[in-house]
Amino acid sequence: MTDERDADRHEFSAGQGVDADYEEFTLDPEELNADPTTVDPVDSRALTDVLDRRNVESDAVDVERLMDVGLSYMGINRFEEATETFERAARFADEDSLEAQEAWVNKGAAHAELEEYDEAIGAYQEALRIDDDSEHAASAETNLAYALWESGRGEQALEHAERAVDIDPRFAQAWYNRGFLLVERGLAEDAVNCFDNAIRLGYRDAGVLEEKARALEEAGEHEQAEEVADRAEEIRREAEERMVEEQAGQGGMGGQPGQGGGRAPNGRGGRGGEPGAGEPERELHGEGPEGF
C-alpha cells in the first residue's frame, strides 16, 4: 500500500544552485573590529567586552544601578561576580570620572575578599591614577595599604596608609591601619597616637583596643596596656553574647548571610578567632566597597 504522504510529495527543482559566497545567504557574523594582537585568546570575557562596546551605547547603561548589582553580589558573598560587575561599571562610566574611580575601588575590595591581592592592588592603583585627591582617594589608599601588606610589602603599605590619613584626617580606619603598620615597624608610641585618633573618630571595636594594648606593651606602658586589654576582652565578650542572643531569637538560623565580607569596619572576616581560640589573630583592615 502506498503511503499517502509519498503521493503528496512533489519533486523539488534541480539546478546548479548559488555560489558559496553568495552574500544574501551567508550566516557568517559581521567582522569584529578588534586587534587580535591586543586580545588574549584565553580571556573568556574578551568577546563579550568587544560586543558590549559595539552593541551597547554607554549612555544606555545606568552605571549607578550596575554598581548596586555589584554591591548586592558582595552582600551574598558572590565576590567573583562582583569583580566582573564592578569592572563593567568602570568601563561604562565616563572616562576618568568619579563613578569610574568608585567602581575600581569596589572592584579591588571584591578581589581582596577572594584573596586576589595582585588584582586588588591593580584596581586600587587604577582608581588613584584617575584622581589621587578625590573623595574616594583615601579609601583607595588605605585599601591599597591593606593589599600590599597581605602581599608581604609592608614598607610600601605604610607609605599608602600615611597618604590615606593625609588625604582624609577624619578617616578612622586609615588611622587604625597606620597604627598597625607602625607597630610592625617598632614605632609603638606613634602607633598609640594613631589608635587614639581612630577611637576618637568612632572606631571602638575590640580589635582596635587589642592593637592599642599591644602598642602600649611594646612602649613599656604595661599597666595601661593591661587596662586596655581588659576592656577589649569585655567588648569582645559582649559582642559574642549579643551574637548568641540574636541567633537564639532567629531559631538558630545563624543570622543574616555574609554581610558582604564586611570589610568595614571589622576587616576581612573580623579580627578575632572563634570563642575560646586563644589570642585573636592580628589583621590589617581593608575597607568595604563604597556605598556598602
Side-chain angles (χ1 to χ4, degrees), residues 112 115 117 138-139 141-246 259 261-288:
E115 299 185 1
Y117 296 115
S139 295
E141 289 284 12
T142 200
N143 280 359
L144 179 54
Y146 168 80
L148 287 166
W149 182 78
E150 288 284 2
S151 300
R153 290 178 265 179
E155 187 171 344
Q156 288 179 265
L158 179 57
E159 293 175 6
H160 290 281
E162 290 176 338
R163 288 181 196 169
V165 296
D166 288 341
I167 294 169
D168 186 358
R170 300 191 60 79
F171 190 4
Q173 187 165 316
W175 282 110
Y176 169 86
N177 282 357
R178 184 170 184 260
F180 182 101
L181 291 165
L182 286 171
V183 173
E184 296 291 298
R185 299 288 296 275
L187 301 172
E189 292 183 3
D190 291 340
V192 171
N193 292 332
C194 290
F195 294 132
D196 283 340
N197 285 338
I199 293 167
R200 277 195 295 270
L201 292 167
Y203 206 173
R204 300 186 179 93
D205 75 346
V208 178
L209 293 175
E210 287 162 355
E211 288 302 326
K212 181 181 176 181
R214 194 185 306 272
L216 286 166
E217 190 70 35
E218 293 195 16
E221 301 289 343
H222 305 297
E223 185 175 343
Q224 189 179 355
E226 185 176 352
E227 292 176 1
V228 174
D230 288 344
R231 177 57 182 152
E233 179 59 29
E234 182 182 347
I235 290 175
R236 189 175 294 283
R237 186 169 56 253
E238 290 171 355
E240 290 169 358
E241 290 173 357
R242 284 196 301 272
M243 184 181 301
V244 171
E245 290 173 0
E246 289 172 1
Q259 300 305 315
R263 303 192 65 78
N266 293 322
R268 194 175 64 78
R271 296 184 62 261
E274 294 297 321
E279 185 174 344
E281 178 186 356
R282 298 187 67 215
E283 185 173 22
L284 191 67
H285 292 188
E287 195 197 19

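Positions are given from 1 along the sequence.
Atoms CD and CG, from E162 and L181 in turn, are 9.0 Å apart once rounded to the nearest 0.5 Å. To the nearest 0.5 Å, atom CD1 of residue I235 and atom CG of residue L209 are 4.5 Å apart. For the atom pair CG of L158 and CD of Q156, the computed distance is 11.0 Å after rounding to the nearest 0.5 Å. From Q173, atom CD reaches atom OH of Y146 across 10.0 Å, with rounding to the nearest 0.5 Å.
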Could you give me the CA-CA distance, side-chain angles and deciding distance for E210 and R236, then say whether salt bridge (charged side-chain N to carboxylate O under 4.0 Å, His left out) is met? CA-CA 10 Å; E210 287 162 355; R236 189 175 294 283; 2.8 Å; yes
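With sequence neighbours left out, the salt bridge (charged side-chain N to carboxylate O under 4.0 Å, His left out) criterion links D196 to K212. Residues satisfying the salt bridge (charged side-chain N to carboxylate O under 4.0 Å, His left out) criterion with R170, sequence neighbours excluded, are absent altogether. In this structure A164 satisfies the side chain to side chain contact (heavy atoms under 4.5 Å, CB included) test together with E141, T142, A174, sequence neighbours excluded. Legend: residues meeting side chain to side chain donor-acceptor pair (under 3.5 Å) with E234, ordered by chain and number and at least two apart, are R231. Shown here are the side chain to side chain donor-acceptor pair (under 3.5 Å) partners of D168, two or more places apart in sequence or in another chain: there are none.
What you find for P169 and L201 is that their closest heavy atoms are O-CD1, 3.6 Å. In terms of heavy-atom proximity, A206 sits nearest to A232 at CB-O, 3.5 Å. Here the shortest heavy-atom pairing between A191 and G179 reads CB-O, 3.4 Å.
Here R242 does not pair with E245 in a salt bridge; the nearest charged N to carboxylate O distance is not below 4.0 Å.
Residues R163 and H160 form a side-chain contact, since some pair of their non-hydrogen atoms from C-beta on lies under 4.5 Å apart. Taking the side chain as every heavy atom from C-beta outward, L182 and F180 never approach each other to under 4.5 Å. Side-chain contact between V208 and I199: present, with at least one pair of heavy atoms (C-beta onward) separated by less than 4.5 Å. Side-chain contact between S139 and F171 is present, with heavy atoms from C-beta onward closer than 4.5 Å. With a 4.5 Å cut-off on side-chain heavy atoms, F195 and Y176 count as touching.
For E238, the CD atom sits in a packed shell: over 12 heavy atoms of surrounding residues, nucleotides or ligands are nearer than 6.0 Å.
Between the W175 side chain and the N193 main chain, no donor and acceptor come within less than 3.5 Å of each other.
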Per-pair distances, 0.1 Å, donor-acceptor, side chain in residues 216-229, under 3.5 Å, sequence neighbours excluded:
residue : atom : partner : partner atom : Å
E217    : OE2  : H222    : ND1          : 2.6

